[in-house]
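Worksheet: the structure to be examined is printed underneath.
Quantities reported herein were computed from a predicted structural model and do not represent experimental measurements. Naming: A, B, ... by sequence-line order, numbering from 1 per chain.
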Protein chains: 2
Amino acid sequence: MNQRQGLADGEAPDKAPARRLGKNGDGAERHETIYRSISDAIIEHRLRPGARLREDALAEVFGISRTGIRKILQRLALEQLVTLTPRRGASVTRPTADEAKDVFDARQMVECGLMPDVARRITPEDVRELRDMANREREALKAGEQSRAIKLSAAFHERLAQLSGNATLAAFVGQLCSRSSLILAVYGNPGHLGCESHDHDDLIGYLEARNGERAAAFMSRHLKAIEASLSIVEEEAEAPDLQSIFGA
Amino acid sequence: MNQRQGLADGEAPDKAPARRLGKNGDGAERHETIYRSISDAIIEHRLRPGARLREDALAEVFGISRTGIRKILQRLALEQLVTLTPRRGASVTRPTADEAKDVFDARQMVECGLMPDVARRITPEDVRELRDMANREREALKAGEQSRAIKLSAAFHERLAQLSGNATLAAFVGQLCSRSSLILAVYGNPGHLGCESHDHDDLIGYLEARNGERAAAFMSRHLKAIEASLSIVEEEAEAPDLQSIFGA
DNA sequence: ATGGCAACCATTGTATACGCATCGCGGGCC
DNA sequence: GGCCCGCGATGCGTATACAATGGTTGCCAT
């Protein structure tokens, strides 16, 4: 929503100016921006699960051709944020209950397992940065900006994982957080956001004290609390079992 | 240079015309096959790290256009099997020492953490399947077919993770195993293959006895042994630090 | 002889054009 | 009046063409 540099307005005749603008920055960087725009929109629930993402609509909005959009869509699909059905196009993934369980189990294992490393390596600067993120999240929550709070919460968890020093696991946690955001969108109760506002601050305290054990235990409870707050009922919206509904 | 082995099944002659009209249904399946071909070639070390993968060469070999190849290449890039440099094309990833450490640390955490679940859920059929895989791996090793042994070993670890019931973590383990294969190709000592042949059998024994604890401990030792067998010396072929070499 | 420069070539990145499958709708038939 | 079939439209998948960039090589000047 920020990148519409001269997109739709009379682009047919004077394509040159738009082209010049676009390529001067850099093609790859441009794609990265667009990717982040869509990704953010999904994570912030501005695009709800199930929403269809038409290729040429996106292409027109962002002012690039369908080719680039497809590339981005495929990347999002590999990260499980969008679902690509063979000839039906792309849509925001609607996680199943099983997937939700898997994601939270995975977070349980990885994020908790990372806490000792984080506690060992964390620096005062890191602590300050984390506290800042937690503050901003709390403010967003207080201001009623759920979208922002959700994104900040995911960013907090991801940043935490990055502090472990293991880039591979950090990237994995990042994906899990994104998917968690989707899960919240589908199974979350309104008004009950995932992360309690003070939880993150408490966690920072344990890490600052270099108490990896307690941090891990706290993270475990934290994630369990989020998962427990979900109302996971398989909606089975796509295959309503008519037999069971109307009786045999 | 060395991708003549690209496709095993004899599809050379009538390929292009047949595929042109075969675009109807098997398109996705075909891409999946090609993806697997390239992926296997990398995992089996038939394509060594650093090997360049030219788009039109691949397109010609597999009888599809560059568009499809690009899609596959991007997928492989996201899985870290190939590296895409902006205008230099694709090449098989050459993992750095840091990445190698991250990957093995991640495997340590995830695979060991999964063992209790696997021990709890494993069935006699699963045991039989695993033993069969271990046998085939041992045979390949005995026959000197390192490529096959490496792939089978990775497949064993991935299948093991699948038995945990967590598809998300299983997929992650699959990626880690693929990357491990690359790491072995770069840092492995010749003649000293990653997994000892009897290790997998022992592991199956613990799992069959539903002893998740011992299985996890054994897996930990197993992975440590593999990692220890590597000779990780940063080759820094690309950016030799002349300053440190020739003194300041 | 060596170093710099410039033109060429190889290869990727992007856009556009085309073909086909699927979905929705209207009319005809039962 | 309801159901089925045919038709049109929409939208994806693939291929091809074009543009731009980086490497390479050959030539010239010093």
Legend entry - Residues Glu32(B) and Arg75(B) bridged, charged N to O under 4.0 Å: yes
Legend entry - Salt-bridge present (Lys101(B), Asp105(B); N to O < 4.0 Å): yes
Legend entry - With sequence neighbours excluded, residues passing ring pair (Phe, Tyr, Trp, His ring centres under 6.0 Å) with Tyr35(A): none
Calculate the interatomic distance between [X] atom [atom1] and [N] atom [atom2]; express it in whole Å.
{"X": "Leu58(A)", "N": "dC12(D)", "atom1": "CG", "atom2": "C1'", "value": "14 Å"}
{"X": "Lys71(B)", "N": "dA15(D)", "atom1": "NZ", "atom2": "C1'", "value": "13 Å"}
{"X": "Glu29(B)", "N": "dT14(D)", "atom1": "CD", "atom2": "P", "value": "13 Å"}
{"X": "Arg70(B)", "N": "dA15(D)", "atom1": "CZ", "atom2": "P", "value": "14 Å"}
{"X": "Asp56(B)", "N": "dA17(D)", "atom1": "CG", "atom2": "C1'", "value": "15 Å"}
{"X": "Arg87(A)", "N": "dG19(C)", "atom1": "CZ", "atom2": "P", "value": "17 Å"}
{"X": "Arg30(B)", "N": "dA15(D)", "atom1": "CZ", "atom2": "P", "value": "9 Å"}
{"X": "Glu55(B)", "N": "dA10(C)", "atom1": "CD", "atom2": "C1'", "value": "13 Å"}

Inset, instruction - Report yes or no: is there a donor-acceptor pair, N or O only, under 3.5 Å between the side chain of Arg66(A) and the base of dG11(D)? - result: no
Inset, instruction - Give a yes or no on whether a donor-acceptor pair under 3.5 Å exists between the nucleobase atoms of dG11(D), that is its base, and the side chain of Arg52(A). - result: no
List the atom pairs, with distances to 0.1 Å, where a side-chain N or O of residues 162-174 of chain A and a protein N or O form a donor-acceptor pair under 3.5 Å, not counting sequence neighbours.
from, atom 1, to, atom 2, distance (Å)
Gln162(A), OE1, Arg159(A), NH1, 2.9
Ser164(A), OG, Ala161(A), O, 2.7
Ser164(A), OG, Asn166(A), N, 3.2
Asn166(A), OD1, Thr168(A), N, 3.1
Asn166(A), OD1, Leu169(A), N, 3.1
Asn166(A), ND2, Asp102(B), O, 3.1
Thr168(A), OG1, Arg179(B), NH1, 3.3

Legend entry - Under 3.5 Å donor-acceptor, Ser91(A) side chain and Gly50(A) backbone: no
Inset, instruction - With the side chain counted from C-beta on, respond yes when Ile183(A) and Glu99(A) share a heavy-atom pair under 4.5 Å apart, and no when they do not. - result: no
Legend entry - Residue closer to the 5' end of DNA chain C, Arg88(A) versus Gly89(B) (nearest nucleotide): Gly89(B)
Inset, instruction - Answer yes or no: does atom CD of Gln74(A) have more than 12 heavy-atom neighbours from other residues, nucleotides or ligands under 6.0 Å? - result: yes
Inset, instruction - Can you figure out which of dC12(D), dA15(D), dT14(C) approaches the side chain of His31(A) most closely? - result: dT14(C)
Name the pairs: protein N/O against N/O of nucleotides 7-9 of chain C, kept only if under 3.5 Å.
none

